[in-house]
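Attaching a single structure in structure tokens format; questions to follow.
Nothing here was measured: the structure is a model prediction, and the numbers come from that model.
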Amino acid sequence: FRSCGFLTWLQTILQDYLHLDGRIANRLLAKSALIAVPGCLLVAWLYGRWSSKKTMILFALGTAAVLVGFSRFKAGDSQTVFSLLTIMLLFGLGGMIAMLSPYSVELYPPKLRATGGGVVASSSKVGGVIGPSAIAFILTVFPGLAVPSLLVAAPLAVAAGILWLKGKETSGKSLEDIR
């Protein structure tokens, strides 16, 4: 499931489990599109100028690290730290979402690219529907930030590892040359 499930429940986690002001998360999430813009710009630059594969790995591991930071957050910790973690999470998620479709479509053979793009897009939408429900269920069993954030961070770290081992570099190559 997507990390957006984690974001959906962030305000509830803040208020109900950490007893903090949920308005902080609400304001940050309301501005999430603006907060994600610098991440998308950085991704576009790194993806095109440096390395598509390494940029994907960097953002996946960075987002996983931020989620681990959330897992360590406790009631009474600084709301400034929480705000910075939330901003970094929005930055990382925005960047990963911006890269996911182009990178995955580049990996399909030319004859299957349109179909592959549709599969990737629909899969991300299914994750957006399943994610919030999965996090809601997890919160009923494991209240607080620790378990939900680690359960979202783990697949990101695994995906980064698989990408490191099996991923293909697409930067600087024509679509026909990527195999």
Q) How many angstroms lie between atom CG of Leu156 and atom CG of Leu163, to the nearest 0.5 angstrom? A)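 Answer for the CG-CG pair, Leu156 versus Leu163, is 11.5 Å.
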(Q) Is any side-chain heavy atom of Phe70 closer than 4.5 Å to one of Leu150? (A)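 Sidechains of Phe70 and Leu150: no contact.
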Q.
Could you measure the distance from the CH2 atom of Trp45 to the OG1 atom of Thr55? Nearest 0.5 Å is fine.
A.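 Trp45 atom CH2 to Thr55 atom OG1 measures 9.0 Å (nearest 0.5 Å).
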Q.
Does any part of the side chain of Pro110, heavy atoms only, come nearer than 4.5 Å to the side chain of Arg113, both counted from C-beta?
A.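 Touching, per the 4.5 Å side-chain cut-off.
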Q: Answer yes or no: is there a side-chain heavy-atom contact under 4.5 Å between Ser51 and Leu46?
A: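 No - every pair of side-chain heavy atoms lies 4.5 Å or more apart.
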(Q) Tell me if the NZ atom of Lys53 is crowded by more than 12 foreign heavy atoms within 6.0 Å. (A)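 Yes - once you tally the heavy atoms of other residues, nucleotides and ligands closer than 6.0 Å, there are more than 12.
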Q: Give a yes or no on whether Met56 and Ile162 share a hydrophobic cluster (residues Ile, Leu, Val, Met, Phe, Trp, Tyr; joining criterion: side-chain heavy atoms under 4.5 Å apart).
A: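 They do not share one cluster, since no chain of ILVMFWY contacts under 4.5 Å joins Met56 to Ile162.
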Q) Same hydrophobic cluster for Leu58 and Leu85, using side-chain heavy-atom links shorter than 4.5 Å among ILVMFWY? A)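 The answer is yes; both residues are in one hydrophobic cluster.
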(Q) Once rounded to the nearest 0.5 Å, what's the spacing between atom CD1 of Ile135 and atom CD1 of Ile130? (A)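 Answer rounded to 0.5 Å: 12.5 Å.
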Q: With sequence neighbours left out, write down each residue that passes side chain to side chain contact (heavy atoms under 4.5 Å, CB included) with Val147, or none if nothing qualifies.
A: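 Side chain to side chain contact (heavy atoms under 4.5 Å, CB included) list for Val147, sorted by chain: Ile138, Phe142, Leu151.
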Q. Leu61 and Ala157: which non-hydrogen atoms are nearest, and at how many Å?
A.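 Closest approach of Leu61 to Ala157: CD2-CA, 4.3 Å.
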Q.
Using the rule that Ile, Leu, Val, Met, Phe, Trp and Tyr join whenever any side-chain heavy atoms are under 4.5 Å apart, tell me whether Trp50 and Met99 fall into a single cluster.
A.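 Yes, because Trp50 and Met99 connect within a single hydrophobic cluster, where side-chain heavy atoms sit under 4.5 Å apart.
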Q) Is the shortest heavy-atom distance from the side chain of Leu93 to the side chain of Phe59 under 4.5 Å? A)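 SC-SC contact between Leu93 and Phe59 ruled out.
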(Q) Could you work out, with side chain to side chain contact (heavy atoms under 4.5 Å, CB included) as the rule, every residue matching Thr170, not counting sequence neighbours? (A)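 Thr170: side chain to side chain contact (heavy atoms under 4.5 Å, CB included) contacts with Tyr47, Ser52, Tyr103, Glu106, Leu107, Ile178.
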Q) Where do Ala160 and Ile57 come nearest, in terms of heavy atoms and distance? A)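 Closest heavy-atom pair between Ala160 and Ile57: O-CG1, 3.9 Å.
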Q: Keeping the roles fixed (side chain from Thr63, backbone from Ala60), state whether a donor-acceptor pair exists under 3.5 Å.
A: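 Not a single qualifying donor-acceptor pair exists.
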Q | Side chain proximity check, Pro38 to Phe91, heavy atoms < 4.5 angstrom | A |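 Sidechains of Phe91 and Pro38: in contact.
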Q) Should Leu41 and Leu90 be regarded as members of a common hydrophobic cluster, given that ILVMFWY residues are connected when their side-chain heavy atoms come within less than 4.5 Å of each other, either directly or indirectly? A)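 In one cluster with Leu41: Leu90, no.
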Q: Indicate yes or no for a side-chain donor-acceptor contact from Ser149 to the backbone of Ser71 under 3.5 Å, with no hydrogens or angles considered.
A: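 Side chain of Ser149 to backbone of Ser71: a pair is present.
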(Q) Ignoring hydrogens, what is the shortest heavy-atom contact between Lys54 and Glu169? Give both atom names and the distance. (A)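 In terms of heavy atoms, the two residues are closest at N-OE1, 4.3 Å.
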Q: Identify the two heavy atoms, one from Ala98 and one from Val43, that lie closest to each other, and give their separation to 0.1 Å.
A: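 Between these two residues, the closest heavy atoms are CB-CG1, 4.4 Å.
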Q.
With side chain to side chain donor-acceptor pair (under 3.5 Å) as the rule and sequence neighbours excluded, what pairs involving residues 157-166 come up?
A.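 Found none.
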Q. Can you tell me how far the CG atom of Leu67 sits from the CZ atom of Arg72, to the nearest 0.5 Å?
A.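 One finds 14.5 Å between CG of Leu67 and CZ of Arg72.
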**Q.** Exercise: identify the closest heavy-atom pair between Leu139 and Pro148
**A.**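 Distance-wise, the nearest heavy atoms are CD2-CG, 3.7 Å.
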